[in-house]
Structure formats: structure tokens, C-alpha cells
Amino acid sequence: MAQGFPWAFLHSGLASLTSPPFAGFFRLEDIPVSISLSDSKDRLLSRPEAATWLGLSPYTLNEWASTGRYGLRYYRIGRKCMYRLSDLQAFIASRAVHPL
């Protein structure tokens, strides 16, 4: 790979985003930081995240919400539908099939 501008910064990490020639364009506080709360049962998941967690399509969750099928609890926050991780875990537990 050729040295120099503009692709050399890809190998040097985030520090180069705040140094020339990118100074003024990027600030470290503008770079989103993801905090993992995967163990928290009170964590809220968006509909696509909940669908991925359940192994379903977001459209399936949308259909279930609009028809009331399965009674899966969700929370309306503005225009978003959010699902609590503990509710998803309880839903999965309630769907267990006990063989005879």
C-alpha cells in the first residue's frame, strides 16, 4: 500500500484522525463509543436488535405487535418500539415444549 495521504491513516488508528491533515474535521468526543450491557436484563433492544436476538425478522415482530399475537411486551418510546431483554428471555422460556 502506498504511503501518504489519504489512506495511511487507516493503519495508524484513531489518534491520526485528530492530527494533521484531519485536525479540525474529527474530534474524539464525536466518535461513538459502544458500551456493552449484554448481561443487563433491563437493557432495551430496538426492534431489529430484538428480532436478531430471537432469530426472527423485524417484520415478524412488527406483525406480532400489530396483531397482538403471542402478547410479547414492548415499549413505545417516541416512534420506536423497544423490547426489554428480560421480557424476551421470559417469552422464550414460556414457549418451551415439554415432551410427554
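The nearest pair of heavy atoms linking Ala50 to Leu45 is N-CB, 4.0 Å. Taking both residues in full, the closest heavy atoms of Ala51 and Pro58 are given as CB-N, 3.5 Å, listed atom of the first, atom of the second, then distance.
Residue pairs meeting the side chain to side chain donor-acceptor pair (under 3.5 Å) criterion with at least one partner in residues 46-61, sequence neighbours excluded, are Ser46-Glu49, Arg47-Asn62, Arg47-Tyr83.
Partners of Tyr70 by side-chain contact (heavy atoms from CB on, under 4.5 Å), not counting sequence neighbours, listed by chain and number: Trp64, Phe91, Arg95.
Note on Tyr75: it does not cluster hydrophobically with Leu61, by side-chain heavy-atom contacts below 4.5 Å among ILVMFWY residues.
Rounding to the nearest 0.5 Å gives a distance of 12.0 Å between SG of Cys81 and CG of Leu44. For the atom pair CG (Leu85) and CG (Asp42), the distance works out to 9.0 Å, reported to the nearest 0.5 Å. To the nearest 0.5 Å, atoms CZ (Arg43) and CZ (Arg84) are separated by 12.0 Å. Leu54 CG to Gln89 CD: the interatomic distance, rounded to the nearest 0.5 Å, is 10.0 Å.
Side-chain atoms of Tyr74 and Asp87, non-hydrogen and from C-beta on, never get closer than 4.5 Å to each other.
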